[in-house]
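One structure is given here, and the rest of the page talks about it.
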Protein chains: 2
Amino acid sequence: MAWDVEGTKRALLTAAVAEFSEKGFGGARIDRISERAGVNRERLYSYFGNKRQLFEAVLADQLGTILDGVPVTETGPAAAAGFAGRYFDACRSHPELPRLVFWEGLELTYPIDTDTRTARAALKSAELGAAVGELSGRDAASLLLTIVSLCHSWFASPNLGLIITGDDGDHEGRRRIVTATTEALTRGLLEGPAGG
Amino acid sequence: MAWDVEGTKRALLTAAVAEFSEKGFGGARIDRISERAGVNRERLYSYFGNKRQLFEAVLADQLGTILDGVPVTETGPAAAAGFAGRYFDACRSHPELPRLVFWEGLELTYPIDTDTRTARAALKSAELGAAVGELSGRDAASLLLTIVSLCHSWFASPNLGLIITGDDGDHEGRRRIVTATTEALTRGLLEGPAGG
DNA sequence: TCAATTTCCAACTAAACGTTTGGAGATTCG
DNA sequence: CGAATCTCCAAACGTTTAGTTGGAAATTGA
């Protein structure tokens, strides 16, 4: 049987995504990652270097294109609301992504792969701003940050939902609030500085 | 010199707040906590039991009254915006609090001290809903959750701010967006289901 | 076919880590 | 004043953990 270096790497990375998103850097264990991957731990060191480098590889692999897969399709304030709803759905389908972003923010002093991610975020901000109407770059970026923050915190901090609304499982209800918030903020931004 | 059991406990708890808010449960170290406190590690086990119980004591001590210190003073949508701004300021003054909430959400399967915290959140929701005008309990809770989520994620996930807006240090700018978002959402909720 | 190279593995290592132990010193009360 | 009790400490313990080593097995190319 042929060697499968790429397959082994991919298996390790997939296992590492699961382990780091669940436990963070400090709580993740090399043993568990190699067990989940069905690969010897020494292979992990050979391919990725050390635990910290593996974590950074996971963040780069998973977070680089986190915004790309969610399109902006409507126009006007509905564009922002629609995008927010789809981003919420994306987070619901892949809750490991918001979790990884929060682990990154809590455990690293500086984000990974900032050039790539900053560039992609700027593209999405511009796309959103154009679809909405006339938003400044700054306002569009703030709007995007608000959308992403609301979506991420619902999935990464379900304790808050449970304590404040008594329910961390009402995804539909929360989705409606997130889209309503987004549309309301967008209208406010379009009305100009008086609104902000 | 008299024994100071309460002082020793308080020193350990204070050191533990700092350590757990910075590193989370998985990354925190008992050695560092006892060093910061200037207290022998054995005292920690004697007073708190084990590392996990100390973490839970920290969460109960710090998060139980997190909303209480921020008043609702205006009326109408400005009440929500004003509260949001003050809550943002509280988070800025005590960034360990949003961080601890996120560590709790990521590292525990169920929040600590939920009865106390749920009761206090319900009081604050009711206070906010009444000040704003006529908001249902459910809407008021959703509004409160939105405010808290926006404030917490700015401080616990500064990586996002850096990547999306290019600046994780513009607290004033972000504060304006949070208050504007809050006011816009509040107006939308007051207008009824068409808004949500 | 065989030597060289590469991928992969089991076992090992040293340090880190949470927790416990034996006892010193301080306090309290009879 | 002295015994009992309590608070506190330094050192030790057993386990966990990240990372490394020596070598087996598979692959490749001459």
Using whole Å, report how far [atom1] of [X] lies from [atom2] of [N].
X: A/Lys51; N: C/dA16; atom1: NZ; atom2: P; value: 14 Å
X: A/Tyr45; N: C/dT13; atom1: OH; atom2: C1'; value: 12 Å
X: A/Leu54; N: D/dA18; atom1: CG; atom2: C1'; value: 12 Å
X: B/Leu44; N: C/dT19; atom1: CG; atom2: C1'; value: 10 Å
X: A/Ile30; N: D/dA18; atom1: CD1; atom2: P; value: 5 Å
X: A/Asn50; N: D/dT17; atom1: CG; atom2: C1'; value: 14 Å

- Item | Heavy-atom side-chain proximity of A/Tyr87 to A/Leu67 below 4.5 angstrom |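 A side-chain contact under 4.5 Å exists here.
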
- Report yes if some heavy atom in the side chain of A/His152 is under 4.5 Å from a heavy atom in the side chain of A/Ile66; otherwise report no.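 A/His152 vs A/Ile66: side chains touch.
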
- At under 4.0 Å between heavy atoms, what does A/Tyr47 touch on the DNA or RNA strands: base, sugar-phosphate, or nothing?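 Sugar-phosphate, backbone atoms only, no base.
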
- Non-hydrogen atoms of A/Asn159 and B/Pro111 that approach each other most closely: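 Answer, listing the atom of A/Asn159 first, then B/Pro111: CB-CG, 3.7 Å.
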
- Task: Go along nucleotides 11-16 of chain D 5' to 3' and tag each nucleotide: B for a protein heavy atom under 4.0 Å from its base, S when only backbone or sugar atoms are that close, - otherwise.
- Result: B-----

Is the shortest side-chain N to carboxylate O distance from [X] to [Y] below 4.0 Å?
X: B/Asp167; Y: B/Arg174; answer: no
X: A/Lys124; Y: A/Glu127; answer: yes
X: A/Glu104; Y: A/Arg99; answer: no
X: A/Arg29; Y: A/Glu19; answer: no
X: A/Arg32; Y: A/Glu22; answer: no

- Over 60° means perpendicular and under 30° means parallel, so classify the ring planes of B/Trp154 and B/His171, tilted if in between.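 Judged by the thresholds at 30° and 60°, the geometry between B/His171 and B/Trp154 is perpendicular.
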
- Tell me which residues in residues 5-14 of chain A put a heavy atom below 4.0 Å from DNA chain C, sorted by number, or none.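 Under 4.0 Å from DNA chain C: A/Val5, A/Thr8.
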
- Query: On DNA chain D, nearest-nucleotide positions of A/Arg32 versus B/Val39: which is more 5'?
  - Reply: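 This one resolves to B/Val39.
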
- Query: Choosing from C/dT19, D/dT7, D/dA25, which nucleotide comes nearest the side chain of B/Arg43?
  - Reply: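 The closest nucleotide is D/dT7.
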
